[in-house]
Engineer: 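I have a structure I would like to understand better, so I am pasting it below and will then ask my questions one at a time.
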Amino acid sequence: MGKLKSLNCPNCGSSNLTKIDEVSYKCNHCESISVVEKDPDQNTFILVLSENVISPESRGVSRRSVPLWAQIFIWVALLGLLGLLASMLLKAKNPILGVDSTVPNFTLTLFSSYEYNGASEVRLSDLRGKLVIVNFWASWCQPCRTEAADLETTWQFYEKTGQVVFLGVDYVDTEPEARAYMTEFTLSYPNGPDLGTRISQIFNRNLGVPETYVIDQQGVLRFIQIGPFQSVAGIQAVIDPLLAGR
């Protein structure tokens, strides 16, 4: 009959074939039947798929779909990756704000029970000439509780001088829990939520509240405290030299 050009199944490509007779072969993989035909162009013989192909479904083998939980996991992972990439791009565009850097202007919208000079919001640009203490906190943050009372005591000490302003920025929190926290520690200085994390993005740090940023009278960042202050004296040790122009 001549030489076969190929002994691969034309249906699935498998070479695991069993010869049935002189002109036909059975594929042991997909169970299709191929017959030998002459290729007039190549002057040789080839396997050609016959019409009685047995599909996996007809053999009771179902194609398994991806479980719903696996699909959800994949999408959550992809969204998380996209969020991480977006965060990295943002940080690359806006380098971390360091000491001696001018702080970009921002507006803190205050909780409804707070006002500053009769206004419901505070702009950093309106505080030029004053020392500004920006404290990031959250009601779910245990270390924040170790400094909350000291911050309030220090604020009351300097408030009457008119030279220092404390701003509390509630980070990634819910309003009911935030209000309960402020009531617990009787915080009287201006406090507001970090809406859309716009203020924390200005400082462009991976916030691990509490964090405190001290901005001088010209709007320049002069001190960063990562973690809680340990005492009123520790806070005053940062503020007093800056008030004295040192």
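Atoms considered below: every heavy atom in the structure, side chains included; atoms not considered: hydrogens, waters and symmetry mates. No experiment lies behind these values; they were computed from the predicted model shown.
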Engineer: Mind checking ring pair (Phe, Tyr, Trp, His ring centres under 6.0 Å) for F223 and listing every partner two or more places apart, or none if nothing turns up?
Structural biologist: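 F223 satisfies ring pair (Phe, Tyr, Trp, His ring centres under 6.0 Å) with no other residue.
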Engineer: Working note: F157 + V164, criterion side chain to side chain contact (heavy atoms under 4.5 Å, CB included); need CA distance, chi angles, decisive distance, verdict.
Structural biologist: CA-CA 10 Å; F157 178 82; V164 180; over 6 Å; no
Engineer: Measure the shortest side-chain to side-chain distance between Q225 and V214 over non-hydrogen atoms and say whether it is less than 4.5 angstrom.
Structural biologist: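 Counting from C-beta outward, Q225 and V214 never come under 4.5 Å.
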Engineer: Determine, stepwise, if the pair I239 / I133 fulfils side chain to side chain contact (heavy atoms under 4.5 Å, CB included).
Structural biologist: CA-CA 9 Å; I239 293 176; I133 316 300; 4.0 Å; yes
Engineer: So which heavy atom on D170 is nearest to which on A178, and how close?
Structural biologist: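 Scanning both residues, the minimum pair turns out to be OD2-CB, 3.0 Å.
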Engineer: Indicate the atoms forming the closest heavy-atom contact of V209 with A138, along with that distance.
Structural biologist: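 Looks like CG2-CB, 4.2 Å.
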Engineer: Can you tell me how far CD of E211 sits from CD1 of I226, rounded to the nearest 0.5 angstrom?
Structural biologist: 3.5 Å
Engineer: What pairs of residues pass the disulfide (SG to SG under 2.5 Å) test when at least one of them lies in residues 135-175, not counting sequence neighbours?
Structural biologist: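 For residues 135-175: C141-C144.
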Engineer: Going by atom type alone, with no hydrogens or angles, which donor-acceptor pairs under 3.5 Å involve a side-chain atom of residues 228-238 and a protein atom two or more places apart or on another chain?
Structural biologist:
| from | atom 1 | to | atom 2 | distance (Å) |
| --- | --- | --- | --- | --- |
| Q230 | NE2 | P228 | O | 3.2 |
| S231 | OG | G234 | N | 3.0 |

Engineer: After noting the C-alpha distance and the side-chain angles of L97 and L221, does the key distance pass the side chain to side chain contact (heavy atoms under 4.5 Å, CB included) rule?
Structural biologist: CA-CA 8 Å; L97 193 66; L221 182 62; 4.2 Å; yes
Engineer: From L127 CG over to S125 OG, what is the distance, rounded to the nearest 0.5 angstrom?
Structural biologist: 7.5 Å
Engineer: Test your reading of the model: is there a side-chain donor-acceptor pair from D173 to the backbone of S139, 3.5 Å cut-off?
Structural biologist: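 Answer holds: yes.
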Engineer: Mind checking side chain to side chain donor-acceptor pair (under 3.5 Å) for D150 and listing every partner two or more places apart, or none if nothing turns up?
Structural biologist: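 By the side chain to side chain donor-acceptor pair (under 3.5 Å) rule, D150 matches no residue at all.
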Engineer: Is the backbone N or O of I199 less than 3.5 Å from a side-chain atom of D194, with the two atoms forming a donor-acceptor pair by type?
Structural biologist: yes
Engineer: For the atom pair CD1 (I215) and OH (Y213), what is the distance rounded to the nearest 0.5 Å?
Structural biologist: 10.0 Å
Engineer: Is a side-chain N or O of E31 found less than 3.5 angstrom from the main chain of N28, in a donor-acceptor match?
Structural biologist: no
Engineer: Quick one: are the ring centres of W140 and Y181 less than 6.0 Å apart?
Structural biologist: no
Engineer: On a heavy-atom basis, which atom in C27 and which in C30 lie closest, and how many Å separate them?
Structural biologist: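 Looks like SG-N, 3.4 Å.
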Engineer: Give the intermediate values and the outcome of side chain to side chain contact (heavy atoms under 4.5 Å, CB included) for residues F166 and E159.
Structural biologist: CA-CA 9 Å; F166 277 47; E159 181 185 12; over 6 Å; no
Engineer: Looking at OG1 of T212 and CH2 of W137, how far apart are the two atoms once the value is rounded to the nearest 0.5 Å?
Structural biologist: 13.0 Å
Engineer: How would you list all residue pairs meeting salt bridge (Lys or Arg N to Asp or Glu O under 4.0 Å) that involve residues 111-132, not counting sequence neighbours?
Structural biologist: E121-R123, R123-D126
Engineer: List, by chain and then residue number, the residues other than V220 in its hydrophobic cluster (Ile/Leu/Val/Met/Phe/Trp/Tyr, side-chain heavy atoms under 4.5 Å); write none if there are no others.
Structural biologist: none
Engineer: Who pairs with R198 by side-chain contact (heavy atoms from CB on, under 4.5 Å), at least two apart in sequence or on another chain?
Structural biologist: L195
Engineer: Return the set of residues passing side chain to side chain donor-acceptor pair (under 3.5 Å) with T186 (not counting sequence neighbours), or none when no residue passes.
Structural biologist: none
Engineer: Could you work out, with side-chain contact (heavy atoms from CB on, under 4.5 Å) as the rule, every residue matching L68, not counting sequence neighbours?
Structural biologist: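 Listed in chain order: I72.
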Engineer: If you measure from NZ on K26 to OG1 on T18, what distance do you get to the nearest 0.5 Å?
Structural biologist: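 One finds 7.5 Å between NZ of K26 and OG1 of T18.
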Engineer: For R179, check side chain to side chain donor-acceptor pair (under 3.5 Å) against everything at least two apart and list the hits.
Structural biologist: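 Checked R179 against side chain to side chain donor-acceptor pair (under 3.5 Å); matches are S112, S113, E175.
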Engineer: State whether the side chain of E152 and the backbone N or O of F185 hold a donor-acceptor pair below 3.5 Å, judged by distance alone.
Structural biologist: no
Engineer: Just jot down the ring pair (Phe, Tyr, Trp, His ring centres under 6.0 Å) partners of Y158, sequence neighbours excluded, or say none.
Structural biologist: none
Engineer: State, with a plain yes or no, whether a side-chain heavy atom of P210 is found less than 4.5 Å away from one of F136.
Structural biologist: no
Engineer: Quick one: closest heavy-atom pair of L110 and A119, and the distance?
Structural biologist: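 So the minimum-distance heavy-atom pair works out to CD1-O, 3.9 Å.
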Engineer: CG/L131 to CG/D216 distance, rounded to the nearest 0.5 angstrom?
Structural biologist: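 That separation rounds to 7.0 Å.
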Engineer: Between N191 and Y189, is there a donor-acceptor pair closer than 3.5 Å when you use the side chain of the first and the backbone of the second?
Structural biologist: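 Checking the backbone N and O of Y189 against the side chain of N191, a donor-acceptor pair under 3.5 Å is found.
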Engineer: Run the side-chain contact (heavy atoms from CB on, under 4.5 Å) test against I74 and tell me which residues pass, sequence neighbours left out.
Structural biologist: L78
